[in-house]
There are 2 protein chains.
Amino acid sequence: METRELRYFVAVAEELHFGRAAQRLGMAQPPLSRAIARLERRLGTALLERDSHGVALTGPGRVLLREGRAALEAVAAAEARTRRAGQPGLVLAAKAGASADLLAGLLAAYGAEPGAVPVEVQLCQYGEQGQLLRRGEADVALLHLPFDSTAGLDTEELHTEGQVALLPAAHPLAARRELRLAELADLPDLPAPRYPRPDGSHPDGPGPAIRDHTQLHQLIALGRTCAVLPESCRAQLGPGVTPVPVPDAPQVTTVLAWPPDSRSRPLAALLRAATGG
Amino acid sequence: METRELRYFVAVAEELHFGRAAQRLGMAQPPLSRAIARLERRLGTALLERDSHGVALTGPGRVLLREGRAALEAVAAAEARTRRAGQPGLVLAAKAGASADLLAGLLAAYGAEPGAVPVEVQLCQYGEQGQLLRRGEADVALLHLPFDSTAGLDTEELHTEGQVALLPAAHPLAARRELRLAELADLPDLPAPRYPRPDGSHPDGPGPAIRDHTQLHQLIALGRTCAVLPESCRAQLGPGVTPVPVPDAPQVTTVLAWPPDSRSRPLAALLRAATGG
DNA sequence: GTACGGCGATACCCGGCGGGTATCGCCGGG
DNA sequence: CCCGGCGATACCCGCCGGGTATCGCCGTAC
């Protein structure tokens with residue numbers, strides 16, 4: 001199976017319409033129809049059900065859509081990582097606005113190593129670092145457990161800290177010495193922000209949809225929401241936002257993560273610098 | 001990047017010789033040279049170093065070899081799983097000679113379910129079940145923790161048991177009531193069997209290289225080796241092999257494993273039958 | 001009932017690309 | 001110095017992937 005055929009099939013399976021899929025692929029409809037028919041012949045099974053109502057996926061078609069997407073991602077990651085390996089320097093992905101001091105220290109420590117290469121810092125929206133790593137567009141990322149998933153990645157723990165609630169300065173709870181998680185749940189005047197899922201979509205709910213730290217900070221200052229974040233975010237707080245410790249919130253661990261089996265020399269040096277070894 | 005190009009590159013990278021790689025691919029050498037050159041041009045980086053001493057991989061080349069193999073496996077798995085989805089029935093992979101009673105009970109329980117489909121049982125050599133699953137050639141497998149890796153698979157625990165040492169009946173230790181692991185280590189007359197690694201190769205050592213249960217059983221009966229296996233293997237023992245409990249050996253858990261996100265209806269029914277729910 | 005429009009399949013044509021053979025250029029060894 | 005091994009280059013061909021035109025089938029609207 002060639003990747004071109006897979007791309008064709010995925011396009012048709014997503015559009016469920018040969019004409020639109022062909023348009024998306026920048027080609028005419030007939031060769032697309034033929035390519036899919038050939039693919040079905042070679043696989044020995046129908047992938048799509050064509051009837052007068054339109055196009056639908058068969059069982060094997062659903063399987064190939066899921067597996068084919070994964071395979072295409074693997075091919076794209078292979079290509080991206082090879083391209084990256086051909087260029088000097090490292091790309092480090094980090095959540096914008098999180099662990100800023102730790103990141104600065106890490107970069108300084110690595111920069112002092114002999115033979116350090118330039119590090120490009122890619123600041124990400126929530127949850128995007130893992131995608132950049134998995135897609136091969138970054139060499140290493142700062143992730144925060146338990147929020148980010150490290151499945152399929154190698155990791156090194158850097159730092160563990162408690163969390164604080166960030167509240168609008170004018171809110172009654174902002175005067176408290178401490179808060180419990182339960183007190184912050186279901187506040188009618190401060191609906192919880194909706195963080196993106198790994199696929200980029202947002203869950204439903206009353207709170208604002210959040211993509212990055214700046215949005216969140218500003219919405220808290222405006223009194224529209226509140227959040228529970230690692231203590232280290234205190235360093236970035238502006239006026240209008242008050243931190244209150246939340247002792248029963250889970251501890252947050254900041255980890256360096258990288259794709260397995262990809263310890264290049266610069267990456268190994270970065271890890272050494274990060275762990276102080 | 002097309003899978004054909006990846007296959008070409010992997011062949012050359014493995015052979016480090018254009019002529020042999022072309023032969024392996026069933027084509028002539030010139031088009032292979034051109035294909036690799038085109039790939040390098042498109043990726044914007046050299047993958048192979050050609051000099052008078054021969055061909056060597058560059059850094060990016062090593063990256064593409066590793067990542068490209070993974071991508072090719074993903075494509076092959078997508079194809080195999082799609083083919084499998086087009087055929088009726090389930091394929092269950094199990095280690096030959098292990099958990100036989102549990103497997104029989106599982107098949108009986110599933111067979112009694114309404115709408116059960118035929119189950120083809122693929123009996124494997126040691127460690128092969130995981131490969132069959134990952135390659136898409138089986139739908140579900142019986143694995144044994146901590147021996148088999150379940151990384152990247154969904155699992156359901158079925159059974160946990162202790163282990164027994166299997167010794168030649170004539171061996172002095174066979175008369176013992178119990179044994180400790182330390183007593184079985186480094187016996188000069190019974191060198192430990194060498195089980196295959198996940199890639200199929202065998203570690204070095206004095207003991208016999210083992211591929212399946214029958215080999216192992218027979219070599220024990222011949223007094224050439226000994227082994228520590230889950231208690232349930234007692235049911236398969238023939239003459240010449242004596243089981244002795246080893247209380248300090250790790251517990252073995254038998255699990256059903258399947259590729260994530262692949263719960264087809266028959267697979268779901270099998271899991272239901274397996275867990276007695 | 002008929003005419004029309006939307007959609008996928010088919011028919012047919014063409015150009016480029018993938019693959020083949022012949023040969024070159026380079027280098028190292030006998 | 002010649003030869004042999006190996007990868008690159010030159011050049012040619014056939015096929016396959018893609019394009020246009022058109023068909024066949026339905027569902028719908030009047």
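Reminder, nothing fancy here: chain letters follow the sequence lines and each chain counts from 1. Atom set for the values below is all heavy atoms of this structure, side chains included, hydrogens, waters and symmetry mates excluded.
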Name all residues meeting the salt bridge (Lys or Arg N to Asp or Glu O under 4.0 Å) criterion together with [X]; count only those two or more places apart in sequence or in a different chain, and write none if there are none.
X: A:R224; answer: none
X: B:R83; answer: B:E79
X: B:R135; answer: B:E137
X: B:E73; answer: none

Pairing nucleotide - C:dC14, Watson-Crick or G-U, each distance under 3.5 Å: D:dG17
According to ring pair (Phe, Tyr, Trp, His ring centres under 6.0 Å), who are the partners of [X], at least two apart in sequence or on a separate chain?
X: B:F9; result: none
X: A:F18; result: none
X: B:Y110; result: none

Sugar-phosphate, base or nothing in reach of A:R34, heavy atoms under 4.0 Å: base
Pairs satisfying side chain to side chain donor-acceptor pair (under 3.5 Å), at least one member in residues 28-43 of chain A, at least two apart: A:E5-A:R42, A:Q29-A:S33, A:E40-A:R50
DNA chain C contacts made by residues 6-31 of chain A, counting heavy atoms under 4.0 Å: A:H17, A:F18, A:G19, A:Q29, A:P30
B:P208 and B:R194, any side-chain heavy atoms less than 4.5 Å apart: no
Return the polar atom pairs (N/O with N/O) between nucleotides 25-28 of chain D and the protein under 3.5 Å, or none.
residue: D:dG27; atom: OP1; partner: A:S52; partner atom: OG; Å: 3.0

Of all pairs that satisfy salt bridge (Lys or Arg N to Asp or Glu O under 4.0 Å), the ones with a partner from residues 117-134 of chain B, not counting sequence neighbours: none
Boundaries of the chain A footprint along DNA chain C (any atom under 4.0 Å from a heavy atom): C:dC7 to C:dT10
